[in-house]
Amino acid sequence: MSSERTAHSDARPVRGRGPGRRSLLKAAGAMALGVPLAAAGSRSAYADEAPVDAIVVGAGYAGGTVARELSAAGLRTVVLEARDRIGGRVWTGTFAGQRVEIGGGWLGPEHHHVLNEFKRYGLTTVQDVAATRMVMPAASGFEEVDPVAAGAELSALNVRLYDGSERYFERPTEPLYRSDLLAEVDKLSMADRIGQLDLDPVRYKWLNGSAVLYSGGPSTRGALTSMAQWERLAAGRPELTTSLKPAQGMTALLKAMLGEAKAPVLFNSPVTRVVQQSRMVTVEVAGGRRYSAPVVVVAIPTNMWKTITFEPGLPQAHADATREGIGVPHGTKIWMQVRGDTDAVYAQGDERAPLLQLVPQQQLPDGSRLVIGFSGPSLNVSDRAQVQAALRAFLPKAQLVDYRAKDWGRDPYAQGAWGMRRPGQLLRQLPAVQQPHRRVVFAGGDIASGWHGAFIDGAIESGLLAARQVTALLG
Ligand SMILES: Cc1cc2nc3c(=O)[nH]c(=O)nc-3n(C[C@H](O)[C@H](O)[C@H](O)COP(=O)(O)OP(=O)(O)OC[C@H]3O[C@@H](n4cnc5c(N)ncnc54)[C@H](O)[C@@H]3O)c2cc1C
């Protein structure tokens with residue numbers, strides 16, 4: 001097709017909207033205001049050095065929350081960020097001339113931490129595009145279904161799937177409140193639980209396709225208690241969990257938080273070593289720069305902890321969490337510009353489909369439509385023909401004009417996509433992974449109590465807890 005353009009690859013930088021330049025300038029401004037950090041070792045970032053109270057590693061939502069809270073408490077803080085931008089697994093970029101979310105992008109009405117923050121900074125949400133058609137797995141391939149009837153049937157299936165969760169997650173924001181009831185369920189994978197329902201093959205695919213998507217691999221990987229907790233947190237309306245979008249983009253809130261924090265963010269600073277000695281912690285960045293403070297907050301993905309040398313070594317629960325991983329291994333988000341069939345179609349794959357989900361987005365002035373796809377490991381997103389074929393499995397008349405894919409499993413500073421606990425991780429690792437290791441505090445959406453893993457709400461919740469832990473450590 002002559003109008004086709006070259007597909008974007010993961011490695012291509014996003015132009016135009018990156019927050020990096022502004023935040024770097026902000027960092028320089030903070031230095032001029034006399035809030036630079038203490039640098040130990042041969043190379044220092046600033047000539048004018050002064051001690052900081054805390055170092056935050058990672059400028060995602062968890063780290064940004066910690067920095068904002070500590071600054072509000074009058075503590076001098078610096079943020080060390082491996083990338084050249086803020087946001088981590090949230091990344092507001094561009095595609096087809098539109099602002100798009102390369103990572104996390106949706107919110108729900110039960111995301112109370114996020115919505116409180118939106119209120120604080122005067123930010124707003126908009127409803128996501130509503131699907132008018134729906135494609136679901138059939139006995140063979142996929143078929144178009146009535147969205148209202150299929151929605152009702154999915155709700156009924158979910159009631160069976162999560163039966164008992166109102167008891168074992170009596171308080172959904174405190175997942176261990178009824179830990180006495182969890183022993184039997186926390187060991188179950190989504191595949192185990194779906195298998196217990198004795199479904200016909202098509203309804204099995206309906207439930208298992210969704211479980212495979214969230215598990216970022218086979219549904220044997222994802223824990224029943226992860227999805228059941230999200231369902232309970234959503235007050236039984238999981239479909240609302242992704243019903244909203246931030247009107248100003250997903251990074252806007254984090255920019256506002258870091259703006260209030262006035263903490264310098266030092267980009268291109270991947271931390272490689274964290275050494276605790278008496279009452280100081282020294283952090284080493286690739287290339288040898290070293291910084292010291294009485295407390296360090298590690299606000300990076302759990303999967304990344306294993307890339308840092310901790311002295312003394314991590315406690316057992318932390319070591320297990322990073323070895324096993326909470327960020328799911330496969331999670332590729334693909335923005336597609338589509339012609340030919342431009343209705344707002346929602347589609348769900350089965351466990352073997354190259355595309356596990358299609359979510360319709362806005363129609364463009366030229367009549368084409370943007371669609372988000374999530375793919376599993378079987379789709380090679382650098383092969384345009386494969387992406388086109390995967391799209392046509394759902395929408396046979398659709399033509400792929402252009403696409404941009406981001407494989408978060410291969411991202412060097414995430415090493416996984418959104419988080420979803422594995423079977424047994426809730427009981428084995430919470431609340432231990434939320435506890436400081438002497439003067440090193442941990443934060444991150446992956447280890448939140450409430451909206452853990454797949455939601456920035458959990459990252460903010462975890463950042464708030466970490467900030468309280470820092471204040472307690474500093475006495
Ligand atoms: C494809 C995708 C879709 C998602 N969809 C949604 C959604 O719709 N809604 C939603 O709410 N959430 C969604 N999420 C989840 C959400 O993005 C995460 O839960 C959240 O961003 C986690 O925040 P965090 O601060 O804990 O970690 P991160 O965002 O990963 O931030 C950690 C930061 O640490 C930095 N870092 C890593 N290693 C080092 C190091 N060694 N030294 C220094 N810095 C380091 C990283 O570069 C990063 O900036 C999605 C995630 C993905 C990947």
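All ligand and atom numbering here is 1-based and tracks the order in the structure. In what follows, residues are counted from 1 in the order of the sequence shown.
Residue Asp457 has no N or O atom closer than 3.5 Å to an N or O atom of ligand 1. Polar contact check, Tyr61 against ligand 1: a nitrogen or oxygen pair lies under 3.5 Å apart. The N/O atoms of Arg89, backbone and side chain alike, include one that comes under 3.5 Å of an N/O atom in ligand 1. Not a single N or O atom of Ala459, backbone or side chain, sits closer than 3.5 Å to an N or O atom of ligand 1. In terms of polar-atom proximity, Asp446 is not counted as a contact of ligand 1, lacking any N or O under 3.5 Å from an N or O of the ligand.
Contacts with ligand 1 closer than 4.0 Å are made by backbone heavy atoms (N, CA, C, O) of Ala299 only, the side chain lying farther away. The proximity of Trp418 to ligand 1, defined as any non-hydrogen pair under 4.0 Å, involves the side chain as well as the backbone. Residue-level proximity to ligand 1 for Ile456 is carried by backbone and side chain together, each with a heavy atom below 4.0 angstrom. Using a 4.0 Å cut-off between heavy atoms, Leu80 contacts ligand 1 through its backbone alone, with no side-chain atom that close. Counting heavy atoms under 4.0 Å from ligand 1, residue Ala454 touches it through the backbone alone. Contacts between Ser269 and ligand 1 below 4.0 angstrom, taking non-hydrogen atoms only, involve the backbone exclusively. Here Gln415 has no heavy atoms under 4.0 Å from ligand 1, in either its backbone or its side chain.
Neither side chain, Arg439 nor Gln276, offers a donor N or O lying under 3.5 Å from an acceptor on the other. Lys245 and Gln361 share a donor-acceptor pair across their side chains, judged by distance under 3.5 Å alone. Between the side chains of Ser292 and Thr282, at least one donor N or O lies within less than 3.5 Å of an accepting N or O. With 3.5 Å as the limit, one finds no donor-acceptor pair spanning the side chains of Gln277 and Glu311.
Between Phe95 and Trp335, the ring-plane angle classifies as tilted under the 30° and 60° cut-offs. Between His111 and Trp451, the ring planes are perpendicular. Angles over 60° get that label, and only those under 30° would be called parallel. Between Trp106 and Phe374, the ring planes are tilted. Angles from 30° to 60° get that label.
Between Trp230 and His452, the gap from one ring centroid to the other is short of 6.0 Å. Under the 6.0 Å cut-off for aromatic ring centres, Phe442 and Trp305 qualify, their centroids lying closer than that.
For atom 36 (N) of ligand 1, the choice among Thr242, Ile102, Ile460, Ile300 with the nearest heavy atom turns out to be Ile300. Which of Asp411, Val271, Val285 comes nearest to atom 42 (N) of ligand 1 through a heavy atom is settled by distance: it is Val271.
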